[in-house]
Protein chains: 2
Amino acid sequence: MPDMGRPRQFDEDRAVEAACRVFWTKGYEATSTQDLCEATGLGRSSIYNTFKSKNDLFRRALSHYVDTMTARQIEVLGEEGPSALERLESFLTVILDGEMENRRDGYGSGCFTVNTITSLAANDPHIAAILEKDLQRRLFSLRTVVEQGRRDGSVTSDRPAEGLAWYLTSVISGMRVAAQSGADRPVLDQVARTGLDALRAGATV
Amino acid sequence: MPDMGRPRQFDEDRAVEAACRVFWTKGYEATSTQDLCEATGLGRSSIYNTFKSKNDLFRRALSHYVDTMTARQIEVLGEEGPSALERLESFLTVILDGEMENRRDGYGSGCFTVNTITSLAANDPHIAAILEKDLQRRLFSLRTVVEQGRRDGSVTSDRPAEGLAWYLTSVISGMRVAAQSGADRPVLDQVARTGLDALRAGATV
DNA sequence: CGTTTATTGGACTGATCTGTACAAAATTGG
DNA sequence: CCAATTTTGTACAGATCAGTCCAATAAACG
């Protein structure tokens, strides 16, 4: 007999999204259960009844973030028509657009993924696992595009595709850190374009 | 009449160093005053007598970190003999050596600077100021080396030196994030070498 | 040696933290 | 309408938080 008892007065996914925003801007430690209640509009009981703990809700929020963000970003890598390098350019543009949009409303909280890597990943295996899975997904997409670029001639660097994929993820993380350090859009565009130069360069060392 | 009253039983600089280690590995929010007492060996009174607050001690610790680390790293950029690009290569090697050494003892806490940028800089102007000053110092050194490389022929990219300096700081931050994501030394070496490829590439976009 | 000045340890404060207990409320199935 | 079942609001619990107070201690100066 399902559908028994008092029904929920809130949408679980919307609660996760609201929690995500708070964790994103304030960080895990600095976010109190009180903050989560206010952001989601739920009472303590509802939060602890729906999610086991603050840590559990954080994992839900982080998973939501990486899934939606990564999907949105790597989507452009699979487009038909442009060369692999052009798709990588679009990819970086999508990321920077998101970064600036995020900066516009509410002042920059940076990238939730990077923030979490640098503050929690070392001490929380569950969280590390979420991030690791997302990283592999991103690396796979990037490695695939690099290999395609090698075939269509837009990527001329002769470094291993795996290394170039790691390089690209590093450049992206680095741009996000630079963005939080105050780098404005023109600077970030320069960084992105310079980053792609390496894919056209011949490796000499 | 100076030198009055009971003398200190500890070295202030050593206390700052010990506090730095704790803040570095645990993060600001997760570090309690109790942790600081245990790490420094001081009592609460001594800490609050010497440093105004937890936040103040953190700023001292962060300043200590950026001063020593940045000095050590940019030192190699001023060496005589090798080309600018070779000095940049040494620079990246120094950074990666530090990263791996840090990983060996105590398990990787990443880079204290990057950790702080991604967790505190947006909400604490004092801390942001410390990081901003260090960033300018690094950017200046890198821009100088890039300009030297342009003259000695080791840097052939025709992108603006300022943009290349930002690019290099971004690559470094990105490598540190990658390191915390589990990238091992060979991968990080690949990223570093690929990063330098961009300085030899001609800009086409 | 006594006064002065500074440090030190430990107890203490009030606030805040995550998580729980429990009864009232709301809905379904019979 | 009456159980059964789930959610919800509120009060509460125990721990921990940053920071303060104060008496004991230890040195320098006269």
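Chain A is the first sequence line, chain B the second, and so forth, proteins listed ahead of strands; every chain is numbered from 1.
If you measure from atom NZ of Lys54(A) to atom P of dT20(C), you get 15 Å, rounded to the nearest angstrom. Residue Glu38(A) contributes atom CD, which lies 13 Å from atom C1' of dT16(C) at whole-angstrom precision. Remark: P of dT16(D) and NZ of Lys26(B) are 12 Å apart, rounded to the nearest angstrom. Computed from coordinates, the Leu36(B) CG to dG19(D) C1' distance equals 13 Å when rounded to whole Å. As rounded to whole Å, 6 Å separates atom P of dA26(D) from atom CZ of Arg6(B). As a whole-Å value, the separation of Asp35(B) CG from dT16(D) C1' is 11 Å. Counting to the nearest Å, the P atom of dT10(D) and the CD1 atom of Ile47(A) are 14 Å from each other. Counting to the nearest Å, the P atom of dG9(D) and the CD atom of Gln34(A) are 13 Å from each other.
A distance of 13.5 Å separates OG1 of Thr31(A) from CZ of Arg21(A), quoted to the nearest 0.5 Å.
Taking only side-chain nitrogens and oxygens, Ser45(A) never comes nearer than 4.0 Å to OP1 or OP2 of dT7(D). The phosphate of dT7(D) (OP1 or OP2) has a side-chain N or O of Arg8(A) nearer than 4.0 angstrom. The shortest distance between the side-chain N/O atoms of Ser46(B) and the OP1/OP2 oxygens of dT8(C) is below 4.0 Å.
Residues Thr118(A) and Thr118(B) have side chains that bring a donor and an acceptor to within less than 3.5 angstrom of each other. No side-chain N or O of Ser46(B) forms a donor-acceptor pair with one of Asn49(B) less than 3.5 Å apart.
Checking dC29(D), dT8(D), dG19(D) against the side-chain heavy atoms of Ser53(B) singles out dG19(D) as nearest. Taking the side chain of Tyr48(B) as heavy atoms from C-beta on, and the options dT20(D), dC17(D), dA26(C), the nearest nucleotide is dT20(D). You'll find that the side chain of Thr33(A) is closest to dT18(C), out of dA26(D), dA26(C), dT18(C). For Pro7(B), counting side-chain heavy atoms from C-beta on, the closest listed nucleotide (dA21(C), dA25(C), dA27(D)) is dA27(D). Of all nucleotides listed (dA24(C), dC29(D), dT7(C)), dC29(D) comes nearest to the side chain of Met4(B). Comparing dT20(C), dA11(C), dT5(D) against the side chain of Arg44(A) picks out dT20(C) as the nearest.
Taking the six-membered ring where the residue is Trp, Tyr65(A) and Phe112(A) present perpendicular rings, their angle passing 60° and hence far from 30°.
Comparing Gly43(A) and Lys52(B), the nucleotide of DNA chain D nearest to each residue sits closer to the 5' end for Gly43(A).
When heavy atoms are screened at a 4.0 angstrom cut-off, Phe51(B) is found touching no nucleic acid atom at all.
Cation-pi check for Lys54(B) over Phe23(B) is not met; the charged atom does not lie both under 6.0 angstrom from the ring centroid and within 45 degrees of its normal.
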